[in-house]
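Convention: sequence-line order gives letters A, B, ...; per-chain numbering from 1.
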2 protein chains.
Amino acid sequence: MSASKKPQLIEKALIAFNKGGYQAVGMDRLAKETQTSKTSIYKHFATKDDLIIAVLDHRDEKFRNWFVRRLEELANTPKDQLLAVFDVIDEWFKEEDFKSCMFIRASCEYPDADHPVHQATKRHKRLLLTHVTGLAEQAGTKDPGALARQILMLKEGAILAAHIEGPNGVAANAKSAAKLLVEDATA
Amino acid sequence: MSASKKPQLIEKALIAFNKGGYQAVGMDRLAKETQTSKTSIYKHFATKDDLIIAVLDHRDEKFRNWFVRRLEELANTPKDQLLAVFDVIDEWFKEEDFKSCMFIRASCEYPDADHPVHQATKRHKRLLLTHVTGLAEQAGTKDPGALARQILMLKEGAILAAHIEGPNGVAANAKSAAKLLVEDATA
DNA sequence: TTTGACATTTACCGATCGGTTAATGTGTCA
DNA sequence: TGACACATTAACCGATCGGTAAATGTCAAA
């Protein structure tokens, strides 16, 4: 495999892990589904964990790019973007292959805080928090850090609810909660 | 193993799964940590999944009993109990072996909705929702079902945050959000 | 003391785990 | 055409997976 095919490998591995889970998908199955020999995979990644981390870092970039762009497409002001968070995740929940958040699932499969896979989740969540905190600051809210964390708690609770009970009404209900929080913080 | 030791087996298996994860802990390791031979384990449970489900159902009972009792110890009115949710989970977050919620982790390791382990999570979350909805009704809130779901979304978002970033300030921040929701719903 | 029922241990099953080694293309420059 | 570098394949490694069969221990009734 040429180096130029590495991104395609990551992309296919992402789909496989999202469908089957990190531990449940073994390297043999991964080789099959990515149409790449195990030897070629191990040319690019020293261990399975390294591949998982590459997949997560790729997912982080792709997801945040999409997420922020959709926020900006749906809302003009920072305040409205804080609420648009829940319209954007509603789109996500209704995707065919939605199976919760790949980072949440990673932190559940690798629960020890010092595990490198767990830390990839930490990075992603911190970057999201930074962005939302920025929005809360621009919106002129009382305590931007606290508000951002509250909104992200609603977002992640909504992800779990949508995964376990199905997406119907989940995002809308979280949004109406967020509306109260944002209103109070801008009063 | 006599039938009377089955509860002890479940209890020890719970500890092992909580520490190591459902897939990562194999039956051999489980036999070692529970001081029970594999054959004896399979006398009581046909498959590993059956054991996991028994562990989760046991955890469901134990957790909800503790949770509801602590709510009642900390608050007298239904309205205050809705907020005490976050004081109780704060106690939980600070336990030494806190590693997120065993049901969330189960639904992440077995993400397919029709998997029997995933359904055990569904049962638990529904029973919790029933209780909290009851509190919201007794508190005379506008839309008890919606409020209960919002509070549980905050609770589960807080669980993830406490797991990934550590417990400091998480529950308190979620509580101040819940306070606004409850106030609005009782206005 | 022998027998029968049951609990427990040991050894084992084929499959798969993450990862490696050795052989086999395949294309490039001389 | 020959030789070298490199990409790719297939076969293989010991360990472990979930689960089972056969051997061993234990104890009570006859």
Side-chain angles (χ1 to χ4, degrees), chain A residues 1-56 105-106 108-112 114-120, chain B residues 1-56 105-106 108-112 114-120:
Chain A
M1 154 174 290
S2 63
S4 67
K5 287 189 180 169
K6 190 170 171 178
Q8 296 174 37
L9 169 59
I10 290 177
E11 187 69 40
K12 286 178 185 170
L14 189 152
I15 292 168
F17 283 135
N18 186 53
K19 193 170 41 176
Y22 302 99
Q23 298 180 80
V25 173
M27 293 304 286
D28 289 280
R29 184 170 148 199
L30 205 61
K32 215 169 282 174
E33 296 203 16
T34 60
Q35 288 111 47
T36 312
S37 68
K38 276 207 289 181
T39 316
S40 296
I41 296 179
Y42 278 102
K43 275 263 152 55
H44 292 291
F45 303 100
T47 65
K48 185 187 183 185
D49 282 354
D50 285 350
L51 169 57
I52 293 174
I53 290 163
V55 164
L56 287 175
R105 284 173 61 190
C108 283
E109 287 203 42
Y110 303 89
D112 285 335
D114 53 358
H115 192 289
V117 170
H118 192 99
Q119 288 176 342
Chain B
M1 153 175 290
S2 63
S4 68
K5 287 188 180 169
K6 189 170 169 178
Q8 297 174 38
L9 168 59
I10 291 177
E11 187 69 40
K12 286 178 185 168
L14 190 151
I15 292 169
F17 283 135
N18 186 54
K19 192 170 42 177
Y22 302 98
Q23 297 180 80
V25 173
M27 293 303 287
D28 289 281
R29 184 171 149 199
L30 205 61
K32 215 170 280 173
E33 297 204 17
T34 60
Q35 287 111 48
T36 312
S37 68
K38 275 208 289 180
T39 315
S40 296
I41 296 178
Y42 278 102
K43 274 264 152 55
H44 292 292
F45 303 100
T47 66
K48 186 186 183 186
D49 283 355
D50 285 351
L51 170 58
I52 294 174
I53 290 163
V55 164
L56 287 175
R105 284 172 60 190
C108 284
E109 288 203 40
Y110 304 88
D112 285 333
D114 53 357
H115 193 290
V117 170
H118 192 98
Q119 288 176 342

How many Å lie between [atom1] on [X] and [atom2] on [N], as a whole number?
| X | N | atom1 | atom2 | result |
| --- | --- | --- | --- | --- |
| Asp28(A) | dT9(D) | CG | P | 14 Å |
| Ile41(A) | dT9(D) | CD1 | P | 11 Å |
| Tyr22(A) | dC17(C) | OH | P | 18 Å |
| Asp49(A) | dC17(C) | CG | P | 15 Å |
| Ile52(A) | dC17(C) | CD1 | C1' | 13 Å |
| His44(B) | dG19(D) | NE2 | P | 16 Å |
| Arg29(B) | dG19(D) | CZ | P | 17 Å |
| Met27(A) | dT20(C) | CE | P | 10 Å |

If every non-hydrogen atom of [X] is compared with every non-hydrogen atom of [Y], which pair is closest and at what distance?
| X | Y | value |
| --- | --- | --- |
| Gly20(B) | Arg105(B) | C-NH2, 4.2 Å |
| Val25(A) | Leu30(A) | CG1-CD1, 3.7 Å |
| Lys48(A) | Met27(A) | CG-SD, 3.6 Å |

Item checked: Close side-chain approach of Phe45(B) and Ile52(B), heavy atoms under 4.5 Å ->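 Heavy-atom side-chain distance check fails, nothing below 4.5 Å.
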Check: Does Ser37(B) make a side-chain donor-acceptor contact with the base of dA7(C), cut-off 3.5 Å?
Finding: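 Not at all, since no donor on one side and acceptor on the other fall under 3.5 Å apart.
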Margin query: With nearest nucleotide decided by heavy atoms, which residue, Thr39(B) or Lys48(B), maps closer to the 5′ end of DNA chain D?
Written below: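 Nearer the 5' end of the strand: Lys48(B).
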Margin query: Pick the closest DNA chain D nucleotide for Lys43(A) and for Ala46(B) by heavy atoms, then say which residue is nearer the 5' end.
Written below: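 This one resolves to Lys43(A).
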Item checked: Most 5' of Lys38(B) and Thr47(A) on DNA chain C, judged by nearest nucleotide ->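 Its nearest nucleotide being more 5', the pick is Lys38(B).
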Note to self: Starting the side chain at C-beta, find the nucleotide from dT9(C), dG18(C), dC17(D) nearest to Ser40(B).
What the structure shows: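 Closest nucleotide to the Ser40(B) side chain: dT9(C).
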